[in-house]
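Notes follow the structure.
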Amino acid sequence: MAESSKEELVQLIKKFGAYIAVKLSNLFPISSHNLDSRSVGAIAGFALAVVFTWRLFRSPGETQRRQPKRQGPSSSSSVAAAHSPAPLAPPVTQPSEEEQQVQNVVDDFFQPVKPTLGQIVRQKLSEGRKVTCRLLGVILEESTPEELQKQATIRSSVLEVLLEITKYCDLYLMERVLDDDSERNVIMALTDAGIFTSGGLVKDKVLFCSTENGRSSFVRQLEPDWHIDSNPEIIFQLARFIKYQLYVSASKPERAASNVFSSPSLEHFFGCV
């Protein structure tokens with residue numbers, strides 16, 4: 001590479017140094033002492049990308065840019081200039097075509113990456129690994145135990161989130177039922193939806209009880225990181241014992257504690273609506 005080309009490359013890298021530093025500080029809010037080998041490698045790779053991009057867009061035979069010709073001021077313009085005030089600030093220098101192209105590459109490189117559903121689930125659950133969840137009004141279309149005596153229907157919109165939770169968390173499903181037929185209907189609905197084959201849930205982790213207090217006792221014995229329920233009384237009773245709770249309802253609970261979150265649906269809480 002010729003000496004002039006090297007100087008141009010150095011000047012270009014310096015000019016974008018501050019711009020890149022701002023981007024890096026926004027993307028990696030850590031000090032340089034805490035960067036691991038992967039981070040250093042990523043930054044070094046990015047610097048090489050800038051260099052090769054500059055060389056790609058640079059004209060092969062270009063050694064220096066042409067400077068615009070200066071024209072002598074006319075007599076009329078000289079008089080006007082004598083009476084006009086001095087400029088308050090120097091004119092803004094527009095980036096060259098090469099610099100703009102490299103800046104576009106930098107912007108594309110730092111475009112935010114959309115997180116996956118699995119990443120959202122882990123983030124929303126604050127890395128909690130054990131979750132308990134009621135079925136009625138959350139996982140199932142039905143909202144009363146009487147309806148379960150006839151049928152049980154998995155809500156299609158919640159299925160993807162539920163499967164993702166089973167991959168990452170130790171999930172327990174529970175519900176109050178009135179008879180054995182209700183239990184069979186629930187197990188059949190979960191089986192048909194593929195919950196027991198696609199995720200990490202097993203039939204032994206689907207618990208049934210005959211009272212609402214029985215569900216509350218299940219939760220306290222399991223000591224989960226999160227409990228998900230649609231009964232405000234259960235949410236209120238467990239607020240002292242469970243680290244986090246999600247209240248699934250169109251309205252917020254009247255006696256919401258600081259560790260209780262609310263959402264119209266489970267899938268809505270994870271941004272799937």
Side-chain angles (χ1 to χ4, degrees), residues 28-30 34 36 112-140 154-176 186-187 189-190 193-209 212-273:
F28 304 105
I30 54 177
N34 294 329
D36 56 17
V113 179
K114 184 178 180 180
T116 64
L117 179 57
Q119 292 171 332
I120 295 175
V121 167
R122 291 192 292 271
Q123 180 184 11
K124 283 285 191 176
L125 295 181
S126 304
E127 301 297 330
R129 300 308 300 269
K130 182 182 286 188
V131 178
T132 55
C133 178
R134 82 166 303 182
L135 288 159
L136 287 174
V138 180
I139 307 300
L140 301 177
I154 303 293
R155 300 175 63 245
S156 58
S157 58
V158 80
L159 185 58
E160 186 178 6
V161 172
L162 183 63
L163 290 174
E164 198 63 46
I165 294 176
T166 60
K167 294 177 184 177
Y168 179 74
C169 302
D170 186 16
L171 177 65
Y172 291 82
L173 301 178
M174 53 190 64
E175 191 49 66
R176 178 171 75 93
V186 170
I187 295 298
L190 293 172
I195 300 298
F196 300 122
T197 56
S198 301
L201 185 68
V202 296
K203 294 181 181 180
D204 290 341
K205 293 183 179 181
V206 182
L207 310 177
F208 298 100
C209 56
E212 291 291 275
N213 288 335
R215 187 168 76 254
S216 179
S217 298
F218 280 156
V219 176
R220 292 189 59 178
Q221 291 173 14
L222 291 169
E223 298 182 340
D225 300 299
W226 279 82
H227 176 62
I228 304 168
D229 212 295
S230 58
N231 186 328
E233 290 300 324
I234 297 296
I235 291 290
F236 177 73
Q237 293 173 13
L238 296 174
R240 295 180 299 167
F241 308 102
I242 308 303
K243 187 176 182 180
Y244 298 112
Q245 290 193 94
L246 175 61
Y247 174 51
V248 177
S249 174
S251 59
K252 293 184 178 181
E254 297 179 358
R255 296 172 289 182
S258 60
N259 60 338
V260 175
F261 301 85
S262 62
S263 177
S265 65
L266 183 61
E267 59 270 31
H268 189 277
F269 180 69
F270 293 103
C272 295
V273 176

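What you see is a predicted model, and the numbers here were worked out from it, not measured in a lab. Heavy-atom basis, side chains included; hydrogens, waters and symmetry copies ignored.
Judged as a side-chain contact (heavy atoms from CB on, under 4.5 Å), and not counting sequence neighbours, the contacts of Asp170 are Lys130, Tyr172, Lys205. Annotation: side chain to side chain donor-acceptor pair (under 3.5 Å) contacts of Ser217 (sequence neighbours excluded): none. Residues passing the ring-ring contact (aromatic ring centres under 6.0 Å, His included) test with Tyr244, sequence neighbours excluded: Trp226.
Atom CZ of Arg240 is separated from atom CZ of Arg220 by 7.5 Å, given to the nearest 0.5 angstrom. Distance check, rounded to the nearest 0.5 Å: CG of Leu171 to CG of Leu201 gives 5.5 Å. Atom CG of residue Leu159 and atom CG of residue Leu190 lie 10.0 Å apart, to the nearest 0.5 angstrom. Between Ile195 atom CD1 and Thr166 atom OG1 the span is 6.5 Å, to the nearest 0.5 Å. Note: Met174 CE to Thr132 OG1 = 5.0 Å, rounded to the nearest 0.5 Å. Atom CD of Glu164 and atom CD of Gln119 lie 9.5 Å apart (nearest 0.5 Å).
Asn213 places a side-chain heavy atom less than 4.5 Å from the side chain of Gln237. Looking at heavy atoms from C-beta onward, Glu175 lies out of side-chain contact with Val186 at the 4.5 angstrom threshold. Using a 4.5 Å heavy-atom threshold, the side chains of Ile228 and Phe269 count as separate. Leu207 places a side-chain heavy atom less than 4.5 Å from the side chain of Leu222. Contact annotation: the side chain of Glu127 approaches that of Tyr168 to within less than 4.5 Å [non-hydrogen atoms, C-beta and beyond]. By the 4.5 Å heavy-atom criterion applied to side chains, Ile154 and Ile139 are counted as neighbours.
Closest approach of Ile235 and Leu246 over heavy atoms only: CD1-O, 3.9 Å. Of all the heavy atoms in Leu136 and Ser230, the pair that sits closest is O-OG, 3.4 Å. The heavy-atom pair separating His268 from Pro264 by the smallest distance is ND1-CD, 3.6 Å. Heavy atoms only, all atoms of each residue included: Pro224 and Val219 are closest at CD-O, 3.2 Å. For the residue pair Ile242 and Asn259, the shortest heavy atom distance occurs at O-ND2, 2.9 Å. Across all their heavy atoms, Tyr247 and Val260 have their closest contact at CB-CG1, 4.3 Å.
At least one test fails for Arg176 against the ring of Phe208: distance under 6.0 Å to the centre or angle within 45° of the axis.
Salt bridge status for Arg134 with Asp229: present, with a side-chain N to carboxylate O gap under 4.0 Å.
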Self-check item: Worked check of side-chain contact (heavy atoms from CB on, under 4.5 Å) between Val121 and Thr116
Solution: CA-CA 9 Å; Val121 167; Thr116 64; over 6 Å; no
Quiz prompt | Intermediate values then yes/no, side-chain contact (heavy atoms from CB on, under 4.5 Å), Leu266 and Arg155 | solution = CA-CA 10 Å; Leu266 183 61; Arg155 300 175 63 245; 5.6 Å; no
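Although no hydrogens or angles enter the test, the distance criterion places a donor-acceptor pair under 3.5 Å between the side chain of Ser249 and the main chain of Ser251.
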